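Here the structure is laid out as structure tokens; the discussion comes afterwards.
Sequence lines set the chain letters: A, B, ... in the order given, protein chains first and strands last, and positions in each chain run from 1. Keep in mind that this is a model prediction, so the values were computed, not measured. These numbers come from the heavy atoms of this one structure, side chains and all, not from hydrogens, waters or symmetry mates.
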Number of protein chains: 2
Amino acid sequence: MKLSIGEFSAVTSLTIKSLRLYHEKGILIPSQIDEFTQYRYYDEANLETAKSIKILREYDFSLSEIKEILDECDSEENLLEQLQEKFKQVQEKIQKYQNISNSLANTINLEKENKMHVNENFEIEEKEVETILIAGYRMKGQYHEIGKGFGIIGKKFGRHINGKAMGLYFDGEYKENDADFEACFSIRKGTGEGDISVRELKGGKCVSLIHKGPYNTLSESYKKVFTAVNETDYKKLLPTREVYIKGPGMIFKGNPKNYLTEIQIFIEE
Amino acid sequence: MKLSIGEFSAVTSLTIKSLRLYHEKGILIPSQIDEFTQYRYYDEANLETAKSIKILREYDFSLSEIKEILDECDSEENLLEQLQEKFKQVQEKIQKYQNISNSLANTINLEKENKMHVNENFEIEEKEVETILIAGYRMKGQYHEIGKGFGIIGKKFGRHINGKAMGLYFDGEYKENDADFEACFSIRKGTGEGDISVRELKGGKCVSLIHKGPYNTLSESYKKVFTAVNETDYKKLLPTREVYIKGPGMIFKGNPKNYLTEIQIFIEE
DNA sequence: ACTTGACTCTTCCCTTGGGGTAGTGCTTAT
DNA sequence: ATAAGCACTACCCCAAGGGAAGAGTCAAGT
């Protein structure tokens, strides 16, 4: 049997290009090479080798790995080890892509939520809020540092996060530097760990206003809400709650003019 | 803020090399470039972009995909679609590696089995064989064509194959050309489909001999077994069974001198 | 014997996402 | 003055081929 490269390519379903590469790399050397024309000719032994190479390539072995395997005369001895090693590597790849897949799914959900809530009414209203399970990270410092808190919770509870990010503010007044607040997410399940507290956050009646625009203009909306509450007989409760309906995305910050933040002042009648 | 490339590299944990590449590709253009020294200087906007790039790279987006995403001013519009598209691609990769993993696990099992059974006794013996579930592919032709049969079953039942390959021979005599035989594997479960029959293969008492060596010398061992059986009062039953204990591996053919084949002639007392 | 069309040869450039090195330029501290 | 530390460009490298150019070769028909 003496097959030209084209015929051998058809038989093995390896491309001519690949066959030439394998020759160059010393993995699959044609049984005969015409002295004058340099034409390659292949025989049955080549066919066996080609089959082995194909299978090993399908198993994601690199050409250099295949060369090693083929070059060892005691190939049958070490083959098993190498298969098991490759199996481990493939498992790792699966794990890697599984992690990417999970992160992606998470981001997609967040982005989806961020897209909704386009037409809200921007008026003060009274509403009932349900009790929910939250994971919270209490912090002291400046308000804008709350982002770190979300990061910390996100790392631990990424899979279980269920709803939007929220902020609980335990000071009755605006504090420049030593504010006491808590970053939290509504979660499906989980248990506290380290600095992260998992607990039920009681619902109730609140006065709510959705603020549109960057965070540094929030105080205007706060003024409106407080004015409205003060005109009633309601007693304000702490902590004040902010729900970040639409904020900077995971990937892009987006335009702060379009951020939506709901201010919730809980009240006792 | 005006960071040199080294400082920016430290802040973003992107290598200097990568930053220069991103600049060259137009993905992340330094806010300022010194006219004379060509030094790159980065600002906060660059920092934001760098963060986005890092996340997208972690999500397995290619640089050209990232460039597309970043170049669209309406990035927030299409971002969701692109995330979902990427999610699909990642799922496909997981599936691909999962398939490789399965095939590898299969091959590893076969190779492991092939390694065992090193010291067998090569004498005729009587034994009891249990009833097992098999997937079989009946064929007519030449004996060596049985390999195709194994291939066909392997494709359909790869996951469920449990034991060694066997051959059932329904002719009472050696037939050069029009032999009637069946390739089969012991399987864990499964149902027949198309030309593949799944059924119980009855066990019983048999006279057995393990043949060592290439298949074309099997006839010598057959002669021994038949001579032995004929010296008794046992009645020979059909089909005759061959169990391929150690044959050509999935990847390497191995040395035919080491092949082990058990011949089983079932008998009725 | 000649032509023609199908094959085959080598050589070169391209892809991804950078890594590594060489040679040179700039500033600053000693 | 010189050396250290940083930055710059330009070049080559990896894996596993794909694509194309330009030249030579084979087999079949005329």
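Relative to the side chain of A/Tyr39, the nucleotides D/dC26, C/dG25, D/dG18 differ in distance, and D/dC26 lies closest. Comparing atom distances between the A/Arg40 side chain and each of D/dG17, C/dG19, C/dT10 picks out C/dT10 as nearest.
Counting non-hydrogen atoms of neighbouring residues, nucleotides and ligands closer than 6.0 angstrom, the NZ atom of B/Lys189 reaches no more than 12 such neighbours. Other residues, nucleotides and ligands place more than 12 heavy atoms under 6.0 Å from the CD atom of B/Gln142.
None of B/Tyr137, B/Phe150, B/Phe157 except one satisfies the ring pair (Phe, Tyr, Trp, His ring centres under 6.0 Å) rule with B/Phe185; the exception is B/Phe150.
Put simply, CD on B/Glu65 is 14 Å from C1' on C/dT15, counting in whole angstrom units. To the nearest angstrom, P of D/dA15 lies 17 Å from CZ of A/Phe61. Following rounding to the nearest Å, B/Gln38 (CD) and C/dG23 (C1') show an atom-to-atom distance of 17 Å. The interatomic distance linking A/Lys54 (NZ) with D/dG17 (P) rounds to 12 Å, in whole Å. Atom-to-atom, CG of A/Asp60 to P of D/dG17 comes out at 11 Å; the value is rounded to the nearest Å. With rounding to whole Å, B/Phe36 atom CZ is found 16 Å from C/dT27 atom C1'. The separation between B/Phe8 atom CZ and D/dC8 atom P is 13 Å, rounded to whole Å. Atom OH in B/Tyr41 sits roughly 12 Å away from atom P in C/dC26 (whole-Å rounding).
Contact record, B/Tyr244 with B/Lys164: O-CD, 3.3 Å, taken as the closest heavy-atom pair.
Heavy-atom distances to DNA chain C give each of B/Ser64 and A/Gly6 a nearest nucleotide, and the one nearer the 5′ end belongs to A/Gly6. Each of A/Leu63 and B/Ile5 has a nearest nucleotide on DNA chain D; the 5'-most of these lies closest to B/Ile5. Where B/Ser62 and A/Glu7 meet DNA chain C, the nucleotide closest to each residue was compared, and A/Glu7 sits on the side nearer the 5' end.
Proximity of residues 16-30 of chain A to DNA chain C (heavy atom under 4.0 angstrom from any strand atom) is restricted to A/Ile16, A/Arg20.
At the phosphate of C/dT8, neither OP1 nor OP2 sits under 4.0 Å from any side-chain N or O atom of A/Thr37. Listed pair A/Ser4 / C/dT8 meets the phosphate criterion, a side-chain N or O lying under 4.0 Å from OP1 or OP2.
With no hydrogens or angles considered, no side-chain donor-acceptor pair links B/Lys88 and B/Gln91 at under 3.5 Å.
Formation of a donor-acceptor pair under 3.5 Å by the B/Ser103 side chain with backbone atoms of B/Asn99 is found in this model. When atom types are taken as modelled, the side chain of A/Glu7 and the backbone of A/Ser4 share a donor-acceptor pair closer than 3.5 angstrom.
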